[in-house]
Amino acid sequence: MARAKIHWSADAMDFKARPIRPLLPTVVGACTGPIAGIQQLNMDVDEPDKTQDAPLAGIAKWNKRLLELDGESMSLYQHVANSCSRYGDPIADVYALVARPNNAILVVADGCNWGPRPRQAARCAVHGCISDLNSKLFESPPNTIVDIFHLMFSSLNGAQRLIVQNQGTTTTLCMAVVCEMAKSNGGWGLCVVSVGDSPCFVWQKKTGLVIEATSKTHEGHDRDMRDSGGCLGANVGTDPDLSNLLCCFTCLSSGDIVFLTSDGVSDNFDPVTLLQVSDPLQKDEVEKGTVVLERVSAKKRQELLLENISGLLQKADSGSDAGLNAFLLKEAVISHIIDLTEDKRRYMEAQDKEIEREGLSASEKRKLIKEMQRNAKMYPGKLDHATVAAYQVGHLAVKNET
């Protein structure tokens with residue numbers, strides 16, 4: 001079967017004004033993370049702000065996870081020697097998900113670099129976007145996907161203001177709205193707006209294949225994992241970098257799963273990170289054992305990445321009697337990247353303990369650090385903060401709460 005066609009542009013007016021069905025407003029599920037997620041905007045506090053009784057970002061309860069709606073953020077970094085903390089703490093990824101009977105909002109942000117201020121930027125970006133969308137999508141209901149895109153672009157302004165007001169630095173952002181299309185044979189639509197390198201994928205139930213809705217951000221050139229390509233927040237003064245701002249649309253079918261990730265997830269399916277092929281940006285040849293890894297085109301690299309994700313999810317789908325859902329997708333992805341990076345993480349932890357051994361001079365420590373950095377490249381996988389946020393497309397029933 002053919003993959004779904006994806007429409008891309010940096011301007012919402014370039015899209016055909018496809019009509020949608022009215023968005024039903026009752027919240028069926030909602031969740032955010034890690035830990036507090038958007039429920040805390042004090043940059044030095046991890047836990048949710050329990051002093052607020054009013055609905056947050058338009059949602060009264062942020063702990064309503066579903067089989068069709070779930071997310072998780074975690075750290076793949078090694079533990080600091082003789083400590084329970086990890087390098088890179090606190091986790092600078094943030095996500096928030098809201099599902100209603102015939103629509104959903106998904107938002108993921110990945111704070112650039114380490115520390116409280118990148119996390120603050122990510123928290124503010126997600127909070128600002130989802131608060132704005134939860135309000136405007138139902139106060140001024142959209143009639144077409146172009147209307148949805150306008151509201152999504154407007155929410156970027158609120159996110160940017162909140163980041164600057166709360167002393168955040170910079171962050172990527174990917175947000176998606178799933179809606180029911182107004183056509184005789186039904187169907188669903190996916191509207192995505194992204195800045196940076198946090199991708200949006202779709203697992204297609206009919207084909208078992210994965211597509212990347214945001215692939216236009218790196219199409220035709222090799223990705224540099226050290227450069228997000230764009231960001232919200234205080235990039236130049238108080239201005240964002242919207243160099244790779246993108247909106248995209250594709251049609252969906254019931255049972256498909258939309259999932260947003262940070263690059264800590266997507267890069268761990270990249271064939272370069274997995275040592276399947278050589279990084280085209282690296283001048284020296286890369287060897288795996290006695291084999292020199294092949295250099296491939298940017299297009300082939302992307303194809304291999306999608307094949308790697310598809311293979312994992314096909315296995316998870318066939319291993320479940322009821323088939324794949326958002327919860328199982330999240331579990332499969334998180335379990336896979338933990339296992340993939342385990343050897344590298346254990347090696348780094350062992351080396352850290354050696355570096356911290358008493359009696360070593362500064363020069364001896366520097367030598368060990370260089371050796372560790374060189375040898376770590378021989379292990380597959382990438383240590384990073386990692387987030388996956390997933391929603392399974394379809395009608396959701398409203399359940400009476402007791």
Side-chain angles (χ1 to χ4, degrees), residues 30-63 71-98 107-132 134 155-175 195-196 198 228 231-241 260 262-265 349 352 356 383-389:
C31 57
T32 185
I35 311 177
I38 65 168
Q39 299 177 89
Q40 180 59 261
L41 291 185
N42 182 332
M43 86 168 69
D44 298 318
V45 179
D46 293 333
E47 300 301 323
D49 183 355
K50 296 181 180 180
T51 65
Q52 299 292 330
D53 295 326
L56 178 67
I59 304 298
K61 295 182 179 180
W62 278 101
N63 59 350
E72 185 171 346
S73 294
M74 63 167 303
S75 176
L76 297 173
Y77 287 111
Q78 73 271 27
H79 285 94
V80 177
N82 305 313
S83 171
C84 293
S85 63
R86 293 178 185 262
Y87 283 92
D89 284 349
I91 297 172
D93 291 358
V94 177
Y95 70 88
L97 305 170
V98 181
V107 188
V108 163
D110 176 0
C112 303
N113 295 314
W114 291 353
R117 294 187 68 195
R119 178 179 67 173
Q120 183 75 340
R123 281 177 169 177
C124 291
V126 177
H127 187 289
C129 281
I130 208 151
S131 179
D132 211 49
N134 272 326
S155 74
L156 288 177
N157 296 325
Q160 175 67 15
R161 283 195 300 270
L162 202 60
I163 293 170
V164 174
Q165 289 170 2
N166 288 275
Q167 301 178 322
T169 50
T170 57
T171 182
T172 70
L173 180 78
C174 185
M175 58 175 156
V195 180
S198 297
S228 67
C231 61
L232 293 182
N235 180 63
V236 178
T238 57
D239 294 331
D241 175 6
L260 313 186
S262 61
D263 65 342
V265 168
E349 288 175 346
D352 278 342
E356 294 302 316
L383 305 186
D384 201 347
H385 299 143
T387 293
V388 58

If I compare all heavy atoms of [X] with all of [Y], which pair ends up nearest, and what's the gap?
{"X": "Ala30", "Y": "Ile59", "value": "CB-CG2, 3.8 Å"}
{"X": "Ala121", "Y": "Thr171", "value": "O-CG2, 3.6 Å"}
{"X": "Leu173", "Y": "Ala125", "value": "CD1-CB, 4.0 Å"}
{"X": "Leu97", "Y": "Ala389", "value": "CD2-CB, 3.6 Å"}
{"X": "Ala234", "Y": "Gly237", "value": "CB-O, 3.2 Å"}
{"X": "Met175", "Y": "Ser155", "value": "CE-OG, 3.2 Å"}

(message) side chain to side chain contact (heavy atoms under 4.5 Å, CB included), that's the test. Do Asn134 and Val98 meet it? Break it down for me.
(response) CA-CA 9 Å; Asn134 272 326; Val98 181; 4.0 Å; yes
So, [X] side chain and [Y] main chain: donor-acceptor pair closer than 3.5 Å or not?
{"X": "Glu349", "Y": "His79", "answer": "yes"}
{"X": "Asp352", "Y": "Ala81", "answer": "no"}
{"X": "Arg117", "Y": "Gln167", "answer": "yes"}

Let me confirm one number: the [atom1]-[atom2] distance from [X] to [Y], rounded to the nearest 0.5 Å.
{"X": "Ile91", "Y": "Ser73", "atom1": "CD1", "atom2": "OG", "value": "6.5 Å"}
{"X": "Gln120", "Y": "Asp44", "atom1": "CD", "atom2": "CG", "value": "8.5 Å"}
{"X": "Asp263", "Y": "Ser198", "atom1": "CG", "atom2": "OG", "value": "6.5 Å"}
{"X": "Asp89", "Y": "Ser83", "atom1": "CG", "atom2": "OG", "value": "8.0 Å"}
{"X": "Asp110", "Y": "Thr170", "atom1": "CG", "atom2": "OG1", "value": "9.5 Å"}
{"X": "Arg119", "Y": "Met43", "atom1": "CZ", "atom2": "CE", "value": "9.5 Å"}

Less than 4.5 Å apart, side chain to side chain, heavy atoms only: is that true for [X] and [Y]?
{"X": "Asp241", "Y": "Val236", "answer": "no"}
{"X": "Cys124", "Y": "Leu41", "answer": "yes"}
{"X": "His385", "Y": "Ser75", "answer": "yes"}
{"X": "Asp384", "Y": "Ser262", "answer": "no"}
{"X": "His127", "Y": "Leu56", "answer": "yes"}

(request) Please report the C-alpha distance between Asp93 and Thr387 in whole Å, then the side-chain angles of each, then the deciding distance to 0.1 Å, and finally whether the side chain to side chain donor-acceptor pair (under 3.5 Å) criterion is met. (result) CA-CA 7 Å; Asp93 291 358; Thr387 293; 2.9 Å; yes
(request) Kindly write out the residues that satisfy salt bridge (charged side-chain N to carboxylate O under 4.0 Å, His left out) with Asp239, not counting sequence neighbours, or none if the list is empty. (result) none
Result block: side-chain N/O donor-acceptor pairs under 3.5 angstrom for residues 156-164, not counting sequence neighbours:
from	atom 1	to	atom 2	distance (Å)
Gln160	OE1	Gly233	N	2.7
Gln160	NE2	Gly233	O	3.1
Gln160	NE2	Thr238	O	2.9

(request) Check the angle between the aromatic planes of Trp114 and Tyr87 and answer parallel, tilted or perpendicular using the 30° and 60° thresholds. (result) tilted
(message) Applying side chain to side chain contact (heavy atoms under 4.5 Å, CB included), can you list everything that pairs with Ala96, at least two apart in sequence or on another chain?
(response) Thr32, Ile38, Trp62, Val126, Ile130
